[in-house]
Amino acid sequence: FFFQAEDGIRDSSVTGVQTCALPISEFIALLKANPGKLNHASNSASTLLLSELFKAETKTEFVDVNYRGGSQSVTDTMNGVTDFCFIDLGTAAPFIQQGTLRPLALASLTKYELAANIPLLADFGVPVSMDGGTALVAPANLRSEEHTSELQSHLNLVCRLLLEKK
């Protein structure tokens, strides 16, 4: 996902005023008009890779600011320290619901049912996709048959519930 703080970009040297809720096409135009002046909060190797793919596909240039995790990159984007970030929906969802982040586009080639109102980057001629898998992990020393069978039971229940919704 590609996010911008709800109250816009706060770099007066770029726009002269705060730009509020830009559509992705206008945001790309802003990046092209101001090479190297906007910054992206990168919080992992995958978001850094995604930002580089985005730069190449859009022929834009911006500064990547590296963070150690999603929480701080989202916080700094919300507070205008950085101009935008790519972040997973799970991290961003509470902030979208609160209205402190606005999704600009989905970095996927297909729509997600739960994010049907968010346009795809591909809809704007940017075929950049980073549909990553999420792993369920446990400590390496988790050996208890009771714990693993209970975990498996819960996972089976979640899968059944998801399949019933379809």
Aromatic ring pairing Phe84/His40, orientation class (parallel under 30°, perpendicular over 60°, tilted between): tilted
List in chain and number order the residues that pass salt bridge (charged side-chain N to carboxylate O under 4.0 Å, His left out) with Asp123, two or more places apart in sequence or in another chain; answer none if no residue qualifies. none
Hydrophobic cluster identity match, Val65 and Val81, side-chain contacts under 4.5 Å: yes
With side chains defined as the heavy atoms from C-beta onward, is the minimum distance between Asn43 and Arg68 less than 4.5 Å? no
Counting C-beta onward and ignoring hydrogens, is there a side-chain heavy-atom pair between Leu30 and Glu26 closer than 4.5 Å? no
Can Ser42 and Ser51 be said to form a side-chain hydrogen bond (donor to acceptor under 3.5 Å, both in side chains), step by step? CA-CA 8 Å; Ser42 178; Ser51 74; 5.4 Å; no
Ile28 vs Glu57 side-chain heavy atoms within contact, under 4.5 Å: no
Between Leu31 and Thr58, does the side-chain contact (heavy atoms from CB on, under 4.5 Å) criterion hold? Intermediate values first, please. CA-CA 9 Å; Leu31 287 170; Thr58 59; 5.6 Å; no
Axial cation check for Phe62 ring with Lys37, 6.0 Å and 45° limits: no
If hydrophobic clusters are built from ILVMFWY residues whose side chains come within less than 4.5 Å, do Phe54 and Leu48 share one? no
Could you pull out all residues at least two apart from Glu61 that satisfy side-chain hydrogen bond (donor to acceptor under 3.5 Å, both in side chains)? none
Pairwise distance CD(Gln72) to SG(Cys85) - rounded to 0.5 angstrom: 11.5 Å
Between Ser108 and Ala122, which heavy-atom pair has the shortest distance, and what is it? O-CB, 4.5 Å
What is the minimum heavy-atom distance between Pro119 and Leu104, and which atoms define it? CG-O, 3.4 Å
Close side-chain approach of Phe86 and Ser46, heavy atoms under 4.5 Å: no
Of Thr77, Asn39, Thr75, the residue whose pairing with Thr82 passes side chain to side chain donor-acceptor pair (under 3.5 Å): Thr77
Can you list the steps and then say if Lys55 with Asp64 is a side-chain contact (heavy atoms from CB on, under 4.5 Å)? CA-CA 11 Å; Lys55 285 178 189 179; Asp64 285 303; 3.0 Å; yes
Joint hydrophobic cluster, Leu49 plus Val126, side-chain heavy atoms closer than 4.5 Å: yes
Side-chain touch Lys111/Leu120, heavy atoms, less than 4.5 angstrom: yes
Contact between Thr47 and Ile87 at the side-chain level, heavy atoms closer than 4.5 Å - yes or no? no
Closest non-hydrogen contact found for Ser73 with Ala41 is CB-CB, 3.6 Å
